[in-house]
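The structure appears right after this line, and notes come after that.
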Amino acid sequence: MSGDETNDATRRDRSGRRSSARRVADRGRTGRVAPKGTSRRGAPQAATAPKPSNPQRSPRGLRRNGPTRVFATMIVIPAIFGTVALPAYALMPGGTGHEASGTFSLSVAQAQDVDVSALATGAPLSADGYAVTTKAEIEEARLEAEAAERASWAAELASRGSGSYAVYTVRAEGDDYPWWNELPDDYGGGLSPLRYYYRECVDFVAWRLNRDAGVTSAPWKWDWSNLASGSAYAWADAWASKGWPTSSTPVVGAVAWFPYNHVAYVQSINADGSVNIEEYNQNSDHSYHQRTIAAGDALYLYPPG
């Protein structure tokens, strides 16, 4: 063997050992073995058929860190840290924009725009219980109020004169009212046979309507039950509800109705259109009076049928 051949054999042996060493090192680093087509000395071997893969292994077990997952991670994590680190902001009432929540002030925002007097802080606190008014006390107060009202009315009557009109000794001319000398309600009088109070304007007019109908004693044709209420103010409504005629034109025997809670009897009509009326209690004196009024001063309730 020549020296060249010896050197070539030596180089091949060294090359084969280096290739084998590299395969062993690669297997240690990657856990892979050298391809089966390569011998330890680097000489190629006959190709063999690959082993079939395990059919029971699920590909879902494999996880790959693709570019989408990496990109989402790079976006979400900084956003979390940024949200925690940012300060809270609030809209300042009366301001021009948003400010940090640490600068918000109720006094600056005028959230409590109430003026409280300095005296309120010094107001005494009361722990007293509430008082209960009994039924007896209510009744006592009512009686006292009625007594005060009667005293006031008596003073009013006394201021008008001697009050002698309360009990008549002589009937006034033209007065045919049968109960002219009875005590009025203000002095303790009661109800007349027509069921109105004695010597009130409504009782006098009810008497005249009965007289004109030819009835001057019981049983009466007209009284409180079928004529109108004891308040003269309600007489016009009573006429309207019953369908009885009313007019601005006066007729003899009609009721002259005044909106200030008064009624009178139309006695006659003058040539100039003025109206002569008769009445009781026109001045709250429970007395008989005659006077003349303009036709337009009253509404006329015609005698019921």
Side-chain angles (χ1 to χ4, degrees), residues 124 126-211 217-218 220 222-239 241 255-265 277-291 293 297-299 301:
S126 175
D128 296 339
Y130 59 88
V132 178
T133 303
T134 64
K135 183 178 180 180
E137 291 174 339
I138 294 175
E139 181 65 16
E140 182 180 358
R142 185 186 66 82
L143 294 176
E144 290 178 355
E146 291 180 353
E149 185 178 357
R150 286 194 297 268
S152 176
W153 178 246
E156 171 66 17
L157 295 177
S159 67
R160 298 175 183 175
S162 63
S164 59
Y165 63 84
V167 179
Y168 282 107
T169 56
V170 178
R171 178 178 290 189
E173 184 180 358
D175 182 11
D176 61 351
Y177 177 65
W179 306 291
W180 58 275
N181 57 346
E182 295 289 342
L183 286 176
D185 176 52
D186 301 326
Y187 287 87
L191 299 176
S192 79
L194 303 179
R195 301 173 65 184
Y196 297 104
Y197 283 109
Y198 285 120
R199 295 164 62 178
E200 294 287 346
C201 63
V202 290
D203 197 51
F204 172 75
V205 171
W207 153 254
R208 282 295 178 89
L209 293 176
N210 276 283
R211 185 202 69 176
S217 62
W220 304 97
W222 304 111
D223 63 9
W224 173 86
S225 65
N226 61 1
L227 188 61
S229 74
S231 171
Y233 185 82
W235 276 44
D237 290 337
W239 249 250
S241 65
V255 180
W257 179 83
F258 302 89
Y260 53 85
N261 197 24
H262 184 64
V263 289
Y265 176 81
I277 60 174
E278 297 175 274
E279 58 198 344
Y280 253 74
N281 202 32
Q282 188 269 336
N283 292 320
S284 298
D285 59 1
H286 302 282
S287 301
Y288 171 82
H289 296 279
Q290 294 181 353
R291 60 184 173 128
I293 63 171
D297 289 348
L299 174 68
L301 317 179

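For clarity, every value in this text was computed on a predicted model and none was experimentally measured.
Heavy atoms only, all atoms of each residue included: Ala228 and Trp239 are closest at CB-CZ3, 4.5 Å. When every heavy atom of Ser229 is checked against every heavy atom of Tyr196, the shortest pair comes out as O-CE2, 3.5 Å. Minimum heavy-atom separation, Trp235 to Val205: CZ3-CG1, 3.9 Å.
Here NZ of Lys135 is found 15.0 Å from CD of Glu140. Values are rounded to the nearest 0.5 Å. Glu279 CD to Arg291 CZ: the interatomic distance, rounded to the nearest 0.5 Å, is 4.0 Å. Rounded to the nearest 0.5 angstrom, Arg199 CZ and Ser287 OG are separated by 6.0 Å. Interatomic distance, CG of Asp297 versus CH2 of Trp257, reported as 13.0 Å (0.5 Å rounding). Here Leu227 contributes atom CG and Trp220 contributes atom CH2; the two are 13.0 Å apart, rounded to the nearest 0.5 Å. Interatomic distance, His262 NE2 to Glu200 CD, rounded to the nearest 0.5 Å: 10.5 Å.
Contacts of Glu146 classified as salt bridge (Lys or Arg N to Asp or Glu O under 4.0 Å), with partners at least two apart in sequence or in another chain: Arg142. Under the salt bridge (Lys or Arg N to Asp or Glu O under 4.0 Å) criterion, Glu278 pairs with Arg208, sequence neighbours left out. Here Arg195 pairs with nothing under the salt bridge (Lys or Arg N to Asp or Glu O under 4.0 Å) rule; sequence neighbours left out.
Counting heavy atoms from C-beta outward, Trp207 and Asp176 have side chains that approach closer than 4.5 Å.
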Side chain to side chain contact (heavy atoms under 4.5 Å, CB included) evaluation trace for Ile277 with Phe258 | CA-CA 12 Å; Ile277 60 174; Phe258 302 89; 4.1 Å; yes
Can you list the steps and then say if Leu191 with Trp224 is a side chain to side chain contact (heavy atoms under 4.5 Å, CB included)?
-> CA-CA 10 Å; Leu191 299 176; Trp224 173 86; over 6 Å; no
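Within a 6.0 Å radius of CH2 in Trp179, more than 12 heavy atoms belonging to other residues, nucleotides or ligands are found. Around OH of Tyr197, the count of heavy atoms belonging to other residues, nucleotides or ligands within 6.0 Å does not exceed 12.
For the side chain to side chain contact (heavy atoms under 4.5 Å, CB included) criterion with Tyr280, the lone passing option out of Asp203, Asp175, Asp285 is Asp175.
At distances below 3.5 Å, at least one donor-acceptor pair connects side-chain atoms of Asn261 with backbone N or O atoms of Tyr233.
Between Tyr288 and Tyr177, a ring centre-to-centre spacing not shorter than 6.0 Å is recorded.
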